[in-house]
Structure formats: C-alpha cells, structure tokens
Peer 1: 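Sharing a structure, written as structure tokens. Questions coming.
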Amino acid sequence: MCLPIQTYIKDTNHALNIFSQVLLPTNQPIHLFLLDVTSLYTSIPHADGLTAVKHFLNTRTSPVVSTDTLVRLTELVLTLNSFEFSGEFFDQISGVAMGTKMGPSYACLFMGYLEWQMVNRYQGPTPEFYYRYIDDGIGISTMPLDDLKNYIDFVKTFHPSISFTSEISTSTVNFWTPKFLSGIDFCTRQSTTNRRIATPI
C-alpha cells in the first residue's frame, strides 16, 4: 500500500539500493539533512490519518474491497483501542498504537499524504532528493543554505500535531539508529565526475 509514495523506504536493503544510485553534480556545494518526526504514531489525528488512507486507497486501479469499507475498518482499529496502565484502563483517543499491525503502514501513508500536501503548497525551491523510513527522513540539496532552511521551517510548522527535529550538514549525517542499521554513516565522497552517497562503513 505504501509503494505509491515517492519518498517511501521499505527496509535496509531498499535504502542501500536507493543511496548507492544517488549521483550529484560536483560543481556546487551540497547539504545533507535529516527530518525526523517526534512521536509520530501517537501524534496522528484520526481524521487526518483516515483522510490519508482514503487518498491512497483511491489510487488503486482494481480494488477488491471498497475504499469506504477499508477506511471504516481502519477507523475501528483506531477508535476501539484500549490499554491497561498501572491497574487502570484507557482508550487511546489519538494516534495509532505502537503494536498494531497496521501501525507502520498507517504512519507511512499519513506522512506520504502530508508530504504530498507540503510539496503542492510550498512556493519556494524544494530539495532534489528526499526519502523517508516511516518517521525518519533524509535529504540532499544543492540549493543555497538559506533556501533549505526556509523549506525545513515550512515543513516543521505545516501540521499543528506533527513536530520535527532536523539536522543539516555538508559532510555527514547519521540516518537511523544503530538498532536499525548498525550505525551506518552516510557521507559524501568526491569522484571525478560526480558525488555519490557512500555505502556502510
């Protein structure tokens, strides 16, 4: 379901395949940047998440189950979720539970829809390269630093419930935590004709 999202990273192998093919010109400076969502799973408003799910379900060319049915089932998973903490029972009224099987796909679809909205509404230049694994995004840009900062500021303030942290570097960024990729470092390296994203060190 997440495959139509242009920024989608499926797993480690998919990420390494993407990064190994990135080529950038050598005649201009580049900036690597990270955009990470804080507590994504619990921050997605139900209405916005369901809108995102419906948006992508409607892109199917030959649906077996109707979009309305699948959106309703998604809503039931979101709104009938309860848990126990310290002897008390609670209903989760926002976001998706971390252990829910649909959680990663739901979060991915929400972020994909959010990014689609951002790109359509932002009036300035956007980064040439941006990919995301659920809530961790990595990008590369050759645009001036001030333009990149303006874009990141726009992203950070786009949705009232979604908070981002960011990092910009001209040399190295750590993408994902060691438990996902064993401390892979992504950096730029010079070649005679282009720049390529390095593979794991």
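We count residues from 1, following the sequence as given.
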Peer 1: For the rings on Tyr131 and His14, is their centre-to-centre separation under 6.0 Å?
Peer 2: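 Centroid separation for Tyr131 and His14: 6.0 Å or greater.
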Peer 1: Got a sec, which hydrophobics cluster with Ile93, joining ILVMFWY side chains under 4.5 Å apart, including via others?
Peer 2: none
Peer 1: Could you tell me if the side chain of Phe110 sits less than 4.5 Å from the side chain of Val96, heavy atoms only?
Peer 2: no
Peer 1: Determine whether Phe19 and Ile140 satisfy the following criterion, side chain to side chain contact (heavy atoms under 4.5 Å, CB included), listing intermediate values before the conclusion.
Peer 2: CA-CA 11 Å; Phe19 299 144; Ile140 308 169; over 6 Å; no
Peer 1: To the nearest 0.5 Å, what is the distance between CG on Asp146 and CG on Asp153?
Peer 2: 10.5 Å
Peer 1: Please list, chain by chain and in numerical order, all residues satisfying side-chain contact (heavy atoms from CB on, under 4.5 Å) with Pro63, sequence neighbours excluded.
Peer 2: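 With neighbours one apart ignored, the set is Arg60.
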Peer 1: Could you tell me whether a side-chain N or O of Ser141 sits under 3.5 Å from a main-chain N or O of Met143, the two making a donor and an acceptor?
Peer 2: yes
Peer 1: Strictly distance-based, threshold 3.5 Å: is any side-chain N or O of Ser105 a donor or acceptor partner for the main-chain N or O of Met102?
Peer 2: no
Peer 1: Which pairs of donor and acceptor atoms, one on a side chain in residues 74-86, lie under 3.5 Å apart (sequence neighbours left out)?
Peer 2:
from: Thr74; atom 1: OG1; to: Leu70; atom 2: O; distance (Å): 2.8
from: Glu75; atom 1: OE1; to: Arg72; atom 2: NH1; distance (Å): 3.1
from: Thr79; atom 1: OG1; to: Glu75; atom 2: O; distance (Å): 2.8
from: Asn81; atom 1: ND2; to: Gln92; atom 2: OE1; distance (Å): 2.9

Peer 1: Under 4.5 Å side-chain heavy-atom separation, chaining through any Ile, Leu, Val, Met, Phe, Trp or Tyr, what else clusters with Phe89? Say none if it is isolated.
Peer 2: none
Peer 1: Are the side chains of Asp136 and Leu34 in contact, using a 4.5 Å heavy-atom criterion?
Peer 2: no
Peer 1: Is the backbone N or O of Thr69 less than 3.5 Å from a side-chain atom of Ser66, with the two atoms forming a donor-acceptor pair by type?
Peer 2: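 Pair found, side chain donor or acceptor close to backbone of Thr69.
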Peer 1: Counting only pairs under 3.5 Å, give me each side-chain donor-acceptor contact of residues 38-45, with atom names and distances, residues two or more places apart or in other chains.
Peer 2:
from: Thr42; atom 1: OG1; to: Ser39; atom 2: O; distance (Å): 3.4
from: Ser43; atom 1: OG; to: Ser39; atom 2: O; distance (Å): 2.6

Peer 1: Within the structure provided, determine whether Tyr130 and Leu35 are in side-chain contact (heavy-atom separation under 4.5 Å).
Peer 2: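 Tyr130 vs Leu35: side chains touch.
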Peer 1: So, for Cys108 and Ile5, which heavy atoms are closest and what is the spacing to 0.1 Å?
Peer 2: O-CD1, 3.4 Å
Peer 1: Which residues pass the side-chain hydrogen bond (donor to acceptor under 3.5 Å, both in side chains) test with Asn17, sequence neighbours left out?
Peer 2: Gln21
Peer 1: List the residues meeting side-chain contact (heavy atoms from CB on, under 4.5 Å) with Thr126, not counting sequence neighbours, and say none if there are none.
Peer 2: Tyr122, Tyr151
Peer 1: Please work out which of the three classes, parallel, tilted or perpendicular, describes the rings of Tyr113 and Trp116, given edges at 30° and 60°.
Peer 2: parallel
Peer 1: Not counting sequence neighbours, list each pair that qualifies as a salt bridge (charged side-chain N to carboxylate O under 4.0 Å, His left out) and has a residue in residues 35-50.
Peer 2: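 Passing the test, one end in residues 35-50: no pairs.
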Peer 1: Would you give the length of the straight line joining atom CG of Leu57 to atom OG1 of Thr59, rounded to the nearest 0.5 angstrom?
Peer 2: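 OG1 of Thr59 is found 7.5 Å from CG of Leu57.
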Peer 1: Not counting sequence neighbours, which residues clear ring-ring contact (aromatic ring centres under 6.0 Å, His included) with Phe158? List them please.
Peer 2: Phe154
Peer 1: Nearest 0.5 angstrom please: Thr67 OG1 to Phe56 CZ, how far?
Peer 2: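 Thr67 atom OG1 to Phe56 atom CZ measures 12.5 Å (nearest 0.5 Å).
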Peer 1: Could you measure the distance from the CG atom of Asp68 to the CG atom of Asn58? Nearest 0.5 Å is fine.
Peer 2: 8.0 Å
Peer 1: Who are the side-chain contact (heavy atoms from CB on, under 4.5 Å) partners of Leu145, not counting sequence neighbours?
Peer 2: His31, Lys149, Ile168
Peer 1: Once salt bridge (charged side-chain N to carboxylate O under 4.0 Å, His left out) is applied, what residue pairs with a partner in residues 119-134 remain, sequence neighbours excluded?
Peer 2: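 Listed by first then second residue: Glu115-Arg132.
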Peer 1: With sequence neighbours excluded, tell me which residues meet ring-ring contact (aromatic ring centres under 6.0 Å, His included) with Phe164.
Peer 2: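 For Phe164 there are no ring-ring contact (aromatic ring centres under 6.0 Å, His included) partners, ignoring immediate neighbours.
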